[in-house]
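Some notes on the structure that comes next.
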Amino acid sequence: MLILGTLLLASSAAAMPVARSFSNTLSGILSGKNKLTFDSEGTFKVVSFSDMHMGERPGDGSWAAWGPANDAATQGVHGTVLDNEKPNYVVFNGDMMTGENVFKANATNYLDLVYAPTVARNIPFSSTHGNHDNANNINHQEEIEYEQSKYAALSYTRSDVGPKPYGSGNYCRWLLTRVPVYAKSSDWVPATIMWFFDSRSFVSGTGNGPGPVPDAANYYWVDPDTVPNYIKLQRLLMTLLWWKVPPALVFVHIPVQKAQILAPLPSPGDHDDEPDPSTQGFLNNTYTGLDLPFWDEIVALNGGKGNVLAITSGHDHGESWCARSTDSTGIPICFNGHSGYGGYVTTHSTVRNGRVFNLKLADLAKSTPTVETWNSYEDNTTADAVELGPEYMAQYN
Ligand SMILES: *[C@@H]1O[C@H](CO)[C@@H](O)[C@H](O)[C@H]1NC(C)=O
Ligand SMILES: *[C@@H]1O[C@H](CO)[C@@H](O)[C@H](O)[C@H]1NC(C)=O
Ligand SMILES: *[C@@H]1O[C@H](CO)[C@@H](O)[C@H](O)[C@H]1NC(C)=O
């Protein structure tokens, strides 16, 4: 504790968010939550749902004609996948609602619709936020505050760093905040860590509305001023406390730019909707590397030894693959597919799904950790099962 205190006092302004979250921890803000553990068979299963797009309504915007019946259908998808997979944790990976369409007066109530099937099954969860969660009638900060206050018992969503109100959903789960996942409840060092990042982005789809995206930015990216230092510092603290950085699962709504290089590879899953070249780090239709400070810290987290099990995104509804090559420094990049009946639909995304990560202690203990993942569909089928690790797509590595 003395080392930690000295480190926090001695470090730069970048340390302040950590100091604050540490003091929150000490003052018990997240107390009362269950410490997450692997089950008696040594597994911890995560289901990630993307692109729910709740709250579309007639006469007001892009995909509005589909209406509230779609919200009920989306809940049906989540209920079926949760009953089939029985996960230990759920991650909502952005675009909870279509923020251009929801009513401003009750926009956050659409979160109730998103979380209902998970809450009904008493499954702990957390969220990242998407471009449609930053729109005329809602922003990320409003969603985070609503989730934290209304779902205090089950929600582990935090806001450790990032610009408010459009990019504040950056956090990771460790130490006394109790969202790391331990092999057993008496453990001090977690078996895995989940990281969540906020890729910000647009208002009304154009960048012309009130909000965070300058016209010259085609889309936007994880905040380069706060997030890279945050990751670096967390990594340092973990190393000091535990002598290691536990294997990581990383969630962010908009895919990293590196996803585009992997898209042409023959990875199992849908390729209807290959990531738009402009989705990350583009200014004036030119890639300027603005997402690289974030990516470089993900590479550092990977540690050159496969410590990042996967970085997974939504956003491109017709994408549901995982790929890995030297172009991504061997970091597996995945897409979640489409779990919502809101939002646009591509040829192969008509049967909705969630992505499953089946973490096993035995796989995490390998010299290069691995994780099983597959897509689980509303018609009770599964597909695209692979084990992410050094053997996966080895011919490209
Ligand atoms: C929000 O308010 C509108 C207008 O009163 C209503 O039609 C809609 O059902 C409400 N949505 C939710 C999720 O409560
Ligand atoms: C983007 O391009 C436009 C037109 O060429 C130019 O006026 C503007 O200054 C550029 N913006 C940035 C941020 O580079
Ligand atoms: C999926 O399984 C559930 C529960 O057994 C069943 O009610 C439902 O009809 C099944 N759906 C399909 C498309 O087979």
Side-chain angles (χ1 to χ4, degrees), residues 45 47-87 90 92 94-123 125 127 129-130 132-152 154-155 157 203-204 269-270 317 320 337-343 345-356 358 374-385:
K45 192 190 265 188
V47 165
S48 185
F49 293 121
S50 284
D51 296 279
M52 286 58 72
H53 282 277
M54 296 288 190
E56 297 182 343
R57 62 191 164 103
D60 187 22
S62 43
W63 305 296
W66 303 343
N70 282 347
D71 297 348
T74 302
Q75 293 182 323
V77 174
H78 288 205
T80 298
V81 171
L82 296 176
D83 286 343
N84 287 336
E85 300 293 345
K86 300 192 169 41
V90 171
F92 298 97
D95 282 1
M96 315 294 187
M97 64 187 74
T98 299
E100 308 90 296
N101 293 163
V102 295
F103 300 86
K104 201 172 185 65
N106 65 359
T108 49
N109 290 127
Y110 289 91
L111 292 178
D112 298 336
L113 303 183
V114 173
Y115 302 145
T118 297
V119 169
R121 289 161 181 78
N122 204 32
I123 304 169
F125 65 93
S127 303
H129 301 88
H132 288 278
D133 299 305
N134 265 341
N136 317 49
N137 302 310
I138 191 75
N139 63 52
H140 291 187
Q141 187 63 24
E142 289 167 348
E143 289 197 11
I144 290 168
E145 286 174 11
Y146 183 83
E147 180 185 325
Q148 287 178 330
S149 70
K150 178 140 186 194
Y151 297 99
L154 288 176
S155 164
T157 296
V203 168
S204 305
D270 295 340
H317 301 179
S320 63
H338 191 189
S339 82
Y341 269 73
V345 186
T346 67
T347 310
H348 298 96
S349 70
T350 56
V351 182
R352 271 57 163 193
N353 74 290
R355 174 168 287 285
V356 179
N358 195 34
W374 60 84
N375 291 311
S376 187
Y377 291 87
E378 60 175 318
D379 65 0
N380 299 323
T381 63
T382 62
D384 313 320

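Side chains are part of it too, since the values below use all heavy atoms of this structure and drop only hydrogens, waters and symmetry mates. Atoms within each ligand, like the ligands themselves, are counted from 1 in listed order.
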Short question: side chain of T381, backbone of Y377 - any donor-acceptor pair under 3.5 Å? no
Just need the protein heavy atom nearest to [atom], so name the residue and atom and give the distance.
atom	result
atom 9 (O) of ligand 1	Y110 OH, 4.5 Å
atom 10 (C) of ligand 3	N380 ND2, 2.4 Å
atom 5 (O) of ligand 1	N106 ND2, 4.8 Å
atom 13 (C) of ligand 3	D379 CA, 3.9 Å

Shortest non-hydrogen pair, W374 vs A385, comes out as CB-CA, 3.7 Å
Does the protein come close to atom 2 (O) of ligand 3 - that is, does one of its heavy atoms sit below 4.0 Å from that atom? yes
Can you find an N or O of E378 that's nearer than 3.5 Å to an N or O of ligand 3? no
Establish, from distance only, whether the side-chain atoms of Y151 and T157 form a donor-acceptor pair under 3.5 Å. no
Just by distance, with hydrogens left out, do D112 and Y146 show a side-chain donor and acceptor under 3.5 Å apart? yes
Measure the NE2-CG distance between H338 and D51 for me, rounded to the nearest 0.5 Å. 5.5 Å
